[in-house]
Amino acid sequence: MLAAEQLRAWGLPLEVPEQIIAELATNAVTHGRVPGRDFKLALTITPDTLLIEVTDARGDRIPEIRDAGRGLVLVEALADRWGVREGPLPCKVVWAEVSLTPVSRGSAIRRA
């Protein structure tokens, strides 16, 4: 996975970000696909946070946690924060933040 190579080049931990990226990318392909349009993955680091953003062409389909699917349940469990915002029309962006500093996940504020 190209994203894993980028994380490795930055010297970042791989396991949690890789799982989040895989789930968000799978959701984009499964639920956000429009024929002829791909999804976009963006990774941004600050001194203490990795921001993962996946943009797809289905702004009309807002993801939510459901018992039937496990993707966002995993994202909820692994990310410090995550959410959805409007992208450039007709897109949406599903994002997740992973702290790069030791933080108790139980004390993190989650917003969806």
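Because the structure is predicted, anything quoted here is derived from the model rather than measured.
Placement of Val54 and Ile45 within a single hydrophobic cluster is found when ILVMFWY residues are connected by side-chain heavy-atom separations under 4.5 Å, directly or transitively. Connection of Leu72 to Leu41 is established within a shared hydrophobic cluster, with ILVMFWY side chains joined at heavy-atom distances below 4.5 Å, either directly or through further cluster members.
Summarising the geometry, atom OG1 belonging to Thr30 is positioned 12.5 Å from atom CZ belonging to Arg58; distances are rounded to the nearest 0.5 Å. Here CG of Leu74 is found 5.0 Å from CD of Glu23. Values are rounded to the nearest 0.5 Å. Taking CZ of Arg85 as the reference point, atom OG1 of Thr55 lies at 7.0 Å (rounded to 0.5 Å). The distance from the CD atom of Glu76 to the CD1 atom of Ile20 is 10.5 Å, given to the nearest 0.5 Å.
Minimum heavy-atom separation, Glu18 to Ala4: OE2-CB, 3.0 Å. The shortest non-hydrogen separation linking Cys91 to Ala57 is SG-CA, 4.0 Å. The two residues Ile21 and Ala3 make their nearest non-hydrogen contact at CD1-CB, 3.9 Å. Smallest separation of non-hydrogen atoms from Thr26 and Ala22: OG1-O, 2.7 Å. What you find for Thr46 and Leu100 is that their closest heavy atoms are O-CD1, 3.9 Å. Contact between Val84 and Trp95 at its shortest, heavy atoms only, is N-NE1, 3.6 Å.
Inter-residue side-chain proximity for Lys92 and Asp56 is flagged as met; some heavy-atom pair is nearer than 4.5 Å. A heavy-atom distance below 4.5 Å is found between the side chains of Leu7 and Leu50.
The side chain to side chain donor-acceptor pair (under 3.5 Å) test applied to Glu5 returns Arg8, not counting sequence neighbours.
When the options Val75, Leu43, Val94 are evaluated for a side chain to side chain contact (heavy atoms under 4.5 Å, CB included) with Ile52, the one that passes is Leu43.
Within a 6.0 Å radius of CD in Gln6, other residues, nucleotides and ligands contribute more than 12 heavy atoms.
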